[in-house]
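These numbers come from the heavy atoms of this one structure, side chains and all, not from hydrogens, waters or symmetry mates.
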Amino acid sequence: MTTHPVPHPRPADPPSAEDPPITVGALIAWAHAHTDKTVRRLGDEAHLALGTLRIRHQEEQELTKVSAEEAQLEERLAEVRARKAQLTPKRRKPARDYEPATVRAWARENNIPVPAMGQIPAAVLTAWRERNTQGGAA
């Protein structure tokens with residue numbers, strides 16, 4: 001990347017302490033009204049550059065504000081989620097009134113199909129319960 005030196009204007013007479021400093025707006029207005037097209041072009045470029053800088057500055061300020069608000073919201077959301085977790089009832093497995101191994105063994109002894117693993121079918125449990133509540137054994 002090639003860099004070009006920035007030319008620094010050399011005034012013929014140094015500004016005196018009595019001359020007030022010229023504002024950027026006044027300098028650009030002077031450049032726009034100048035008869036030299038190079039000065040006008042430089043004024044246009046400066047005006048464009050300043051406009052772009054203003055926009056970028058505003059966007060950066062807004063981004064800083066939005067980022068701070070986002071952090072506050074995330075903190076509040078974490079608090080709300082923690083409180084929700086405290087208030088949510090804990091799920092517990094329902095207590096079984098049977099031992100799966102006992103029911104499976106009973107089903108096999110009585111030639112009732114039952115899977116070796118997983119959930120015991122409701123019909124098998126119903127039959128086992130009926131048999132056990134009657135006080136009889138298989």
Inset, instruction - Apply side-chain contact (heavy atoms from CB on, under 4.5 Å) to W106 and V114, showing your working. - result: CA-CA 10 Å; W106 174 84; V114 66; over 6 Å; no

Inset, instruction - Show the numbers, then the answer: is there a salt bridge (Lys or Arg N to Asp or Glu O under 4.0 Å) between K65 and E69? - result: CA-CA 6 Å; K65 182 181 174 184; E69 186 177 355; over 6 Å; no

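Of all the heavy atoms in V124 and P113, the pair that sits closest is CG2-O, 3.7 Å. Residue G43 comes nearest to I28 through the heavy atom pair O-CG2, 4.0 Å, listed as atom of the first residue, atom of the second, then distance.
Side chains of W128 and I120 form no contact here, defined as non-hydrogen atoms less than 4.5 Å apart. Contact of the R129 side chain with the D97 side chain is registered, since non-hydrogen atoms from C-beta on lie closer than 4.5 Å. With contacts defined as side-chain heavy-atom distances shorter than 4.5 Å, the pair Y98/N132 does not qualify. The shortest side-chain heavy-atom distance between D44 and H32 falls under the 4.5 Å cut-off. Within the 4.5 Å cutoff, no side-chain heavy atoms of R40 are placed close to those of D36.
Look at E79 and R83 and you find no salt bridge, because none of the NZ, NE, NH1 or NH2 atoms lies under 4.0 Å from a carboxylate O.
Going from atom NE2 of H47 over to atom OG1 of T52 covers 10.0 Å, rounded to the nearest 0.5 Å. The CZ atom of R56 sits 13.0 Å away from atom CD of Q61, with the distance rounded to the nearest 0.5 Å. Taking CD of Q58 as the reference point, atom CG of L53 lies at 11.0 Å (rounded to 0.5 Å). For the atom pair CZ of R92 and NZ of K90, the computed distance is 9.5 Å after rounding to the nearest 0.5 Å. For the atom pair K37 NZ and L42 CG, the distance stands at 12.5 Å (nearest 0.5 Å). Atom CD of Q119 sits about 8.0 Å away from atom CG of L125, to the nearest 0.5 Å.
Atom CD of E60 has 12 or fewer neighbouring heavy atoms from other residues, nucleotides or ligands inside a 6.0 Å radius.
Under a hydrophobic clustering in which Ile, Leu, Val, Met, Phe, Trp and Tyr are joined whenever their side-chain heavy atoms come within less than 4.5 Å, directly or via other members, L50 and I22 fall into different clusters.
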